[in-house]
Structures are given as structure tokens and as C-alpha cells.
A.B. asks: 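The structure is given below, and queries will be raised subsequently.
These numbers come from the heavy atoms of this one structure, side chains and all, not from hydrogens, waters or symmetry mates. Chain A is the first sequence line, chain B the second, and so forth, proteins listed ahead of strands; every chain is numbered from 1.
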Protein chains: 2
Amino acid sequence: MAGATISDVASAAGVSKGAVSLALNGQPGVGEETRKRILAAAKALGWTPSLRAKGLASARAYAIGLILARDPKLLGTDPFFAGFIAGIETVLAEHEYTLVLTVAADETAERKSYRKLSAGRVDGFILTDLLLDDPRIGLLEELKLKAVTLNRPDIESPFPAVSMNGTEGFTKAVEHLVALGHTRIAHVGGPLRYVHGRGRYDAWKDALQAAGLKSDLFIESDFTAPGGADSTERLLAMDDRPTAIVYANDLMATAGQSVAQARGYCVPDDLSITGYDDAEFVRYLNPPLTTISADPLRWGHEAAHAMLALFDGSHDGQDVRLPPPELIIRGSTGPAPDR
Amino acid sequence: MAGATISDVASAAGVSKGAVSLALNGQPGVGEETRKRILAAAKALGWTPSLRAKGLASARAYAIGLILARDPKLLGTDPFFAGFIAGIETVLAEHEYTLVLTVAADETAERKSYRKLSAGRVDGFILTDLLLDDPRIGLLEELKLKAVTLNRPDIESPFPAVSMNGTEGFTKAVEHLVALGHTRIAHVGGPLRYVHGRGRYDAWKDALQAAGLKSDLFIESDFTAPGGADSTERLLAMDDRPTAIVYANDLMATAGQSVAQARGYCVPDDLSITGYDDAEFVRYLNPPLTTISADPLRWGHEAAHAMLALFDGSHDGQDVRLPPPELIIRGSTGPAPDR
DNA sequence: CTGGGTCACTAAACCGGTTCAGTAAAGTAA
DNA sequence: TTACTTTACTGAACCGGTTTAGTGACCCAG
């Protein structure tokens, strides 16, 4: 009986609606005997409480929002986000929460989405692709919504963050290249206004300085394939060209490798290349790409947990720190060429 | 004022709650003058009707569900689905509906998700990755939910479908190879229990027969990179090996190309390869992949439209047929090698 | 002038839960 | 024994909309 309501259960069990509510939610105020009888009646009628009614009465949406502001084309090649969603889902599956997902193409659409979902659709947001000075934080504070951020922004934020323990994954890539004898190591990064773009840049720079090398070969790109291709061309055209390039993601690295090969450079003999994300396809590139493997499922898992803890008030206020990712060495990195 | 309710607006405009409701929804029963006054009051108070209350009163969720039953790892490399979601979103953005997305790793999780979302979370589902004999159709009928399917299944289905006008896109790939002189054209397909896997298989077979060629080189694979790699090895080990392989998606083609090259075959001189989907990265493969470009945004767009039409009863019962996709010729296909 | 129909609008019921004030019965301390 | 607390439960208000029955004003035909 799909159409059963709390009243049906109440009369079936010979109690009031209130008692049924208490019994179902495991709250005190009903005797053990009665509770059992109520639950039995509920099961017999096949009753599941209506989320709509529940939501109205308790002023909750029982949903969390995720708004991805990226070009849909890019999304499709982003290995992070699918795993991330799956990670969220594994947690939500065991709770009465669901994920409301929106893809916004531009900033206007993004703001519109936040407004739309804020109007009672979700109880909180998970913020990805965080900017150093992210306006969404103020926006959500204003709207009195909860949130969990991926990475902690530079500005003051009242929301718990899930972030990586340093940017060691990226540091490892640079150290790997230094160990191979490279001295001219370039970085094609994502936009520096992103926390993760910035973090990878810093890691690159710091690792080079630690090795006593100059960090002059940097191009701020945009995480897209054309961006990676273009940056690579510019780097290779330099007088004192790099012998290795670390890219901030796999897509730029893939495009970069392709461009280098088209220009007649042999990878890795003439040029070593590393990516970031460990997308499924990069092991099938020619040569297979050395890259860094984040753990998107884990990120999703932690973010969802933090969110739920925030909802039931059990959050301890501490940021979650994830272990550094792995460097996966494949064929695109090799010893520095002789000069 | 975020906390404004319909009562506030009613008293501000000096009318009853009922009048406000009628005015807001553009229903008859309020004078033009009064309607304007009510809308002005609503705007002044910054009132947006509570979706929770609306949902409870009208027994609707104002959301549509999308459950993806795939390995999260695969999802990340699937260029279709991200664009598809974006396509749905562009339509929903202008309506008061949102998308509830779930990723299910296995069939148990999938069924659980359908049950969970069916309990008042969504008003209908969009079904992707349709099976010829898809059990979800019966399930949703039983649950009295609406649905739109991507492709029409073999079994009787009361739900409108969005499907491609034939599988011409795939046919084009085979014709392209035939025109290049290939006579041994293999197909590495997806599982044949999927409508799209089956459709591509049929298209391959029919195109070969139309060209008077044997269609004996077929391997039923699984849309994954390892599956594509494995199938390719088996095809290349044959006595009368194919000189061209058409894959049912880009990921298998990418893996196949990598395997072929590792075995010493030159692509396209020794072996031509085609994919399907036109993932962002395939143009950066070495050589760039000849593939077929579906239009995921369009699919999402049409599916969402059909869904909304179903909700407001304006659906005409006709399936939507999309134009055939484009064949994008790149470097992975070339003339058949001399024997 | 009257009866019937429309129109604009109100009051109240309703959707299906949660929650709070109140009550009767049982338990406990003085 | 009385007085006070605790426990188990009920009834009703409430969340914020939609919807329906009903009312008075107005118009028109007979």
C-alpha cells in the first residue's frame, strides 16, 4: 500500500499520529511495547513517511546541492568529478539525503543555480573549484545555508573544509624529475585564482627552490586541452626550453604531449611530461602518462560526511585532511637529455 | 525578506491566501488589478513560494531523477553523460524543476536508488543505458512514475523515447572504411543487451553486408579500456586479421590503438581505428582518433523537454528522433594496407 | 422586477508529517 | 499520606502552500 499515511498507521496501531512519529524516529515518549506495535503496523501497511510532509514540518530539504560551474565539455573529461559524486553517493545512500546536481556553463548561470537550489531545495552545498577569494562563501552565509568546501580558501570561511595534506603529490612529481637530472622544469598551471591551481603552483615553485633551481618557466593556463597545447608551444619555442613540463591536470598534459610530438620532440627522450588526476585514458597514451592519482571517491566520502555532521550538529569544527596522492610513474618521464 | 510566506503577502496586499495562490499561478479568479497588486506585494517582500509546501499540497516533487549505473571510473571518461546532464540542465533552468542525480555502482545499489528516489523525491526518471529488455520499465510502471527513455527498448514501453534516427552515424564509419579499400573490418562492441550496443552492432553488420563483405569479425566487449585492449589483442592475433576496427566508444578505441601500437602496428598504415563519442581528448591522441560525434547536449535537451511535457500533460505521445551524428575523420583511419 | 449566470474573492479544509501543551497514571521522596 | 516528578500518550496547532465550496456584487434576459 503505497498511499498509506501516518494516520492510517496510527489508527491501525490504535494510537495517535504523534505517537507514531515518536516511535518512528526513535524518540522517547513511547513505551517499548507500543513502539513495537506501531512499527509492526507500519510495516504491515508498507508505510514510508512522506518526505514532502516531513520536509515541510521540519523545514528541511533532505538534500545537498552540488553546482559545477564548468564547460560541459570539460566535465566529460574530468575524472575527478565523477568519482567525487560517487563518493558522495556512497555516503548518502545510507541516509535519507540525496544529491541535487546542477551544471552551470557560466557565472550567471551559476549564481542563478545557487539561488534556485537555496529556495528550499537543499540544506547545504558542497563547494568545489574553490577560489582563493570565493564569493560563494559570503553568498551562502547570507542565505544562512550550510556548506563544506573542497580546500580552504584564503578568506575567512565559517565552513569546514576537506583538503589535502599539503600538495605533496605535486611535489613528488617535481622531485621525480629533479632526480632524473632535469634542471629546466616548467609548469603549466591552472588559473591561480583557484585554490588548487595556486597550490600546485606553489608546490612546483617550492620544490624547485628546494632543489636550488630557478622557477622561471611558468605559464598560467586554464585546465583545458587547447590551453595546454598553446602553453606547450610557447614553452618549446623558448631559447632555453624546458626538458620537462609538469601540468596541473591530465587534459593539458595530454594535449601538451601531442603538441610536442607533432613538433618532432620525442617523449620522454627530449621532453618529460607529467599530468594530474590519473584519468582512465592516460595509461593508453603513447607513451603512457606519468601522473598523480588523487582519490576522488575519498574526497566525496569525506565531504558528504562533513555535510551530514553539520546537519545533525555533530560536526567538530575541524577540517578534514586527506593523505597526499600517489605519483604514478609511466612512460612519459625519463632522464634529462644531454646538452 | 527570505522568511516571507504566502500569508504575509496576502495581508500586505489585503487579500486572502487563496487569491495570492491564484494570482501567482496565473489562474483565473482574480481581477487584473488585484493580480498586479498581489505580485507587487510579493516582489516587495521578496517572496518565493516554498517548494516544500507546494510539493506537499500538489503531491509533486518538482524534480526529475537520473540514476547512472556505471563504474564511477568509467563515468569520468564518458563524454556523453556530462554533456547530457548539461543539456537537461539548460532546460530545467527555466522551469522549477531540478535534477536529482545518483550514481550506483552495481545493480543492487541501482534498484535501491530507484526505490529511494521514487519515495516522493522525483516525479519521473530519465532512463539511460537502456537494455533491450529493461526491467526498470516494469518497475517504474508499477511505481506509477513517469519516465523518458534514451532509445526505445525491444519490449513494450509506455514511456516516450528519445532516440537516434537510425544508427547512421555508425554506418558512416563503416562506409568510410570501405571507401578506403578495407575488406576486413572488425567491430569491438559494447554488450549486446544494451540498445545502443545492439544498434551499433546492427549498423556495422548491415553496412558490411551492403558492401558485400563478411561480418565475421565481432567481439562483444564492455565499453571499458581493458575490454577494448583485450579485444584488440585477440583480433590482431587472428590469421586473417582485420585491417580496420570500429569500436563502440572512444575509450575502447583509445586502448585498442595503444595496444596495436605496442604490438608494432602502425596506425593507420597497418590498422585503421574509429571510436564513438568524440571525447575531448581523442583529438590529442597520436594519431588523433577518427570518431563519431554524438550531441549529448541535444539528447539531454530533448529528454528534459519530453519529461516536462509528460508532467504538464502536453506530451503528444510521439518519440523524439534526433538527427544522425557526424563522422569526424582524423588521423587514425587511412587506406587499407596492400596485401 | 425577478431569476439565472458570471466574476472576484474569502474562508476553511487539506496535504502528511512534527511538535508542544496538557493529562492521567505510576513512581518516588518526605 | 501528601506532594512532586517522571513516563506514556493524546489532541491540536503548525509548517506554507493548493483547492474547493460558498458568498456577495454585478450583469443580462425575460
Side-chain angles (χ1 to χ4, degrees), chain A residues 1-39 41-42 45-63 96-97 118-121 123 144 311-312, chain B residues 1-39 41-42 45-63 96-97 118-121 123 144 311-312:
Chain A
M1 199 147 306
T5 76
I6 198 173
S7 302
D8 300 334
V9 175
S11 58
V15 294
S16 70
K17 291 199 316 178
V20 177
S21 178
L22 294 177
L24 188 80
N25 298 312
Q27 304 214 333
V30 270
E32 199 49 45
E33 190 71 7
T34 318
R35 183 185 304 272
K36 274 185 192 151
R37 186 156 38 89
I38 291 172
L39 294 181
L45 289 169
W47 174 69
T48 343
S50 151
L51 265 161
R52 287 194 267 270
K54 221 175 148 171
L56 178 58
S58 59
R60 300 231 221 142
Y62 296 100
E96 53 184 345
Y97 280 80
S118 299
R121 290 245 170 230
D123 300 314
K144 305 234 183 286
F311 290 156
D312 69 15
Chain B
M1 201 146 305
T5 76
I6 198 173
S7 302
D8 300 334
V9 175
S11 57
V15 294
S16 70
K17 292 200 314 179
V20 177
S21 178
L22 294 178
L24 189 80
N25 297 312
Q27 304 214 332
V30 270
E32 197 48 45
E33 190 70 8
T34 318
R35 184 184 305 270
K36 272 186 194 151
R37 187 157 38 90
I38 291 173
L39 294 181
L45 289 169
W47 174 68
T48 343
S50 151
L51 265 160
R52 288 193 267 271
K54 220 175 148 171
L56 178 59
S58 59
R60 301 232 220 144
Y62 296 100
E96 53 185 346
Y97 280 80
S118 299
R121 291 244 169 230
D123 300 315
K144 306 231 182 288
F311 291 155
D312 70 14

A.B. asks: Can you name the nearest heavy-atom pair linking B/Leu51 to A/Ala119, along with the distance?
C.D. replies: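 Closest heavy-atom pair between B/Leu51 and A/Ala119: CD1-O, 4.0 Å.
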A.B. asks: Which nucleotide span of DNA chain D, 5' end to 3' end, has atoms closer than 4.0 Å to non-hydrogen atoms of chain B?
C.D. replies: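 Nucleotide range with atoms under 4.0 Å of chain B: D/dG16 to D/dT19.
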A.B. asks: Can any side-chain N or O of A/Arg52 pair as donor or acceptor with the backbone N or O of B/Gly120 at less than 3.5 Å?
C.D. replies: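 Yes; at least one donor-acceptor contact below 3.5 Å.
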A.B. asks: Holding to side chain to side chain donor-acceptor pair (under 3.5 Å), I want the full list of residues that pass it with B/Asp312, two or more places apart in sequence or in another chain.
C.D. replies: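 Residues passing side chain to side chain donor-acceptor pair (under 3.5 Å) with B/Asp312: B/Ser314.
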A.B. asks: Nearest 0.5 Å please: distance from the CG atom of B/Leu56 over to the OG atom of B/Ser50.
C.D. replies: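 B/Leu56 atom CG to B/Ser50 atom OG measures 9.5 Å (nearest 0.5 Å).
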A.B. asks: Under 30°, 30 to 60°, or over 60°: which ring-plane class applies to B/Tyr97 and B/Phe311, parallel, tilted or perpendicular?
C.D. replies: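 Plane angle under 30°, so parallel.
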A.B. asks: Distance check, rounded to the nearest 0.5 Å: B/Leu22 atom CG versus B/Thr34 atom OG1?
C.D. replies: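 It is 11.0 Å, given to the nearest 0.5 Å.
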A.B. asks: To the nearest 0.5 angstrom, please state how far the CD1 atom of B/Ile6 sits from the OG1 atom of B/Thr48.
C.D. replies: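 So the CD1 of B/Ile6 and the OG1 of B/Thr48 are separated by 12.0 Å.
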A.B. asks: Kindly give the heavy-atom pair with the smallest separation between A/Tyr62 and A/Lys54, and that separation in Å.
C.D. replies: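 In terms of heavy atoms, the two residues are closest at OH-CE, 3.8 Å.
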A.B. asks: Remember a base hit wins even if backbone is also touched, and classify A/Gly120 as base, sugar-phosphate or nothing at under 4.0 Å, heavy atoms.
C.D. replies: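 Nothing, no heavy atom under 4.0 Å.
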A.B. asks: Give the minimum heavy-atom separation between A/Ala12 and A/Leu45, together with the two atoms involved.
C.D. replies: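 Looks like CB-CD1, 4.0 Å.
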A.B. asks: Check A/Leu24, A/Asn25, A/Val9 against A/Pro49 for a side-chain contact (heavy atoms from CB on, under 4.5 Å) and give me the one that passes.
C.D. replies: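 Testing A/Pro49 for a side-chain contact (heavy atoms from CB on, under 4.5 Å) against A/Leu24, A/Asn25, A/Val9 leaves exactly one candidate, A/Leu24.
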A.B. asks: Pull out every residue in residues 49-58 of chain B that has a heavy atom closer than 4.0 Å to any atom of DNA chain D, ordered by number, or say none.
C.D. replies: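 Of all residues in residues 49-58 of chain B, the ones placing a heavy atom under 4.0 Å from DNA chain D are B/Pro49, B/Ser50, B/Ala53, B/Lys54, B/Leu56, B/Ala57.
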A.B. asks: Only counting residues at least two apart or in another chain, list the ones meeting side chain to side chain donor-acceptor pair (under 3.5 Å) with B/Arg35.
C.D. replies: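 For B/Arg35 there are no side chain to side chain donor-acceptor pair (under 3.5 Å) partners, ignoring immediate neighbours.
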A.B. asks: Short of 4.0 Å, heavy atom to strand atom, which residues of residues 18-38 of chain B count as contacting DNA chain D?
C.D. replies: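 Here the set is B/Gly18, B/Ser21, B/Asn25.
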A.B. asks: Determine to 10° how strongly the helix from C/dC1-D/dG30 to C/dA30-D/dT1 is bent, judged from the axes of its five-pair ends.
C.D. replies: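 What I find for the helix from C/dC1-D/dG30 to C/dA30-D/dT1 is an axis angle of 50°.
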A.B. asks: Do the side chain of B/Arg121 and the main chain of B/Ala61 share a donor and acceptor less than 3.5 angstrom apart?
C.D. replies: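 Pair absent, no side-chain N/O of B/Arg121 close to backbone of B/Ala61.
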